[in-house]
Amino acid sequence: TSTQDSHDYVDGLCSYCGSPEEADGYLLIKSQKGWDYFVKKHNAGTTNQNVRLLCDVKQDTPLSDGYCGTLDGQGHTITLNMVGETGRFSLFGVIGSATIRNVVLDGELTGESNLAPIAARIDQTLLVENVVTKVKITQTTTNDGNCAGMVALVNGTATFRNCISASTVSATKDAGGFVGWAPAQKNINLENCIMIGEVTATTGASSVFLRVRNDCNVTMTNCFYVPCTPSILAGNNAAMPVRATEVDRADVASGALCYR
């Protein structure tokens, strides 16, 4: 009598059932095929998957709305390549409640509006920690605004902890280095965050970190920035009473900023 192992993993997927390996409630993504499995399952309606990356991956279309799991990049890179005259491009379309941590987002987003590396919109609670974005973001129309280096629209509560935006945001209407827009009374917290990218908007308003309504609840603790085009750190045309420490690019290049 012969026996067969329950799984046989080849290139990150089981040759019997087609799924990635799992551990501690996480899908272990060991190849692009494993990532594509996660994306396909998410887009089919399983929006609560927890994922750990064990390799770099690429993504050229936004994942469907509703993600509510944990994505742990473990230091790996997701390269985005989403380019079109129309469309709102980001890794996730709309996030419910989720955690995104330990990942680098690189690549290019070009489209209509609400362009951002992590999400076009969050509706509930988002924790982003130990995340670096270095994405080239280009808006093609003035139909709407809200482009940003992290999240386009915060419609709930967002916390960014130990994060760096090195993204270049070139908007035709309204933009922010971390967040492109938040309506009244939303909650945004930044802890140990750094903005070293660039933000430009040919019309509307822009902010170094957060373009948000001035009646939002914003806290910024131990944050730093290299001066860029916007003149205010947070707010919508008028500056909010928040603080961050200005540094120069020499401090970033030398690593001196790490000791601040």
Side-chain angles (χ1 to χ4, degrees), residues 1-84 87-109 111 114-135 150-152 156 158-163:
T1 301
S2 63
T3 59
Q4 176 178 288
D5 293 338
S6 57
H7 294 286
D8 175 42
Y9 294 103
V10 178
D11 198 17
L13 295 177
C14 177
S15 61
Y16 304 144
C17 68
S19 64
E21 188 176 352
E22 296 186 31
D24 304 320
Y26 284 80
L27 294 179
L28 304 182
I29 305 303
K30 298 183 176 182
S31 67
Q32 183 66 43
K33 289 182 179 179
W35 174 258
D36 293 343
Y37 171 95
F38 156 69
V39 171
K40 183 177 180 179
K41 193 171 180 181
H42 169 84
N43 290 344
T46 306
T47 58
N48 63 344
Q49 300 173 95
N50 299 321
V51 177
R52 284 185 182 142
L53 298 184
L54 285 84
C55 64
D56 297 342
V57 297
K58 299 178 180 180
Q59 185 63 30
D60 60 7
T61 58
L63 277 70
S64 62
D65 297 346
Y67 185 64
C68 54
T70 295
L71 170 60
D72 185 348
Q74 298 195 127
H76 291 286
T77 297
I78 301 174
T79 299
L80 307 174
N81 183 24
M82 305 177 194
V83 177
R88 301 181 177 189
F89 297 130
S90 55
L91 178 59
F92 296 98
V94 178
I95 285 178
S97 289
T99 297
I100 312 296
R101 59 165 57 105
N102 307 327
V103 68
V104 177
L105 295 171
D106 203 345
E108 181 176 0
L109 301 172
N114 293 79
L115 308 168
I118 296 173
R121 190 178 86 226
I122 66 163
D123 282 342
Q124 298 179 44
T125 301
L126 174 67
L127 171 62
V128 181
E129 59 182 358
N130 307 326
V131 169
V132 176
T133 70
K134 44 183 181 177
V135 178
M150 289 278 178
V151 173
T159 297
F160 299 89
R161 183 179 298 135
N162 307 328
C163 293

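Every value quoted in this text rests on a predicted model; they were computed, and no experiment measured them. In what follows, every heavy atom counts, from backbone to side chain, and hydrogens, waters and symmetry copies are set aside.
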For [X], give me all partners under side-chain hydrogen bond (donor to acceptor under 3.5 Å, both in side chains), at least two apart in sequence or on another chain.
{"X": "Q74", "answer": "none"}
{"X": "T61", "answer": "Q59"}
{"X": "T159", "answer": "N189"}

Specify the closest pair of heavy atoms between [X] and [Y], including all atoms of both residues, with the distance to one decimal.
{"X": "S31", "Y": "C55", "value": "N-SG, 3.4 Å"}
{"X": "C163", "Y": "E129", "value": "SG-CA, 4.0 Å"}
{"X": "T79", "Y": "G107", "value": "CG2-CA, 4.1 Å"}
{"X": "V57", "Y": "Q32", "value": "CA-OE1, 3.4 Å"}
{"X": "G34", "Y": "P20", "value": "O-CG, 4.2 Å"}

How far does [atom1] of [X] sit from [atom2] of [Y], to the nearest 0.5 angstrom?
{"X": "Q124", "Y": "I95", "atom1": "CD", "atom2": "CD1", "result": "11.0 Å"}
{"X": "T47", "Y": "Y67", "atom1": "OG1", "atom2": "OH", "result": "9.0 Å"}
{"X": "L109", "Y": "N114", "atom1": "CG", "atom2": "CG", "result": "12.0 Å"}
{"X": "I122", "Y": "S97", "atom1": "CD1", "atom2": "OG", "result": "8.5 Å"}
{"X": "L13", "Y": "W35", "atom1": "CG", "atom2": "CH2", "result": "14.0 Å"}
{"X": "L127", "Y": "I100", "atom1": "CG", "atom2": "CD1", "result": "9.0 Å"}

Next item on the list: Only pairs at least two apart or in different chains count here, so list each salt bridge (charged side-chain N to carboxylate O under 4.0 Å, His left out) that has a residue in residues 115-128.
Entry: R121-D123
Checklist line | Sequence neighbours excluded, every pair satisfying salt bridge (charged side-chain N to carboxylate O under 4.0 Å, His left out) that has a member inside residues 52-75 | finding: D24-R52
Ignoring hydrogens and angles, tell me if any N or O in the side chain of [X] forms a donor-acceptor pair with the backbone of [Y] under 3.5 Å.
{"X": "S90", "Y": "A120", "result": "yes"}
{"X": "H42", "Y": "L63", "result": "no"}
{"X": "Q49", "Y": "F38", "result": "yes"}

Which residues pass the side-chain contact (heavy atoms from CB on, under 4.5 Å) test with [X], not counting sequence neighbours?
{"X": "V104", "answer": "T77, V132, K134"}
{"X": "T133", "answer": "L105, P117, V131, M150, S165, S167"}
{"X": "T70", "answer": "Y26, N50, T99, R101"}
{"X": "N48", "answer": "T46, C68"}

Note to self: For a side-chain contact (heavy atoms from CB on, under 4.5 Å) check, start with the C-alpha distance between L91 and L80, then their side-chain angles and the critical distance, and finish with the verdict.
What the structure shows: CA-CA 7 Å; L91 178 59; L80 307 174; 4.0 Å; yes
Notebook entry, point to check: Got L28 and L53 here, is their nearest side-chain heavy-atom distance under 4.5 Å?
Noted result: no
Check: Any side-chain heavy-atom pair from V83 and E108 closer than 4.5 angstrom?
Finding: yes
Check: Residues two or more places apart in sequence or in another chain: which of them pass salt bridge (Lys or Arg N to Asp or Glu O under 4.0 Å) with K41?
Finding: none
Item checked: By ring pair (Phe, Tyr, Trp, His ring centres under 6.0 Å) - contacts of F89 (at least two apart) -> none
Next item on the list: Identify, with sequence neighbours excluded, every residue that meets ring pair (Phe, Tyr, Trp, His ring centres under 6.0 Å) alongside Y37.
Entry: none
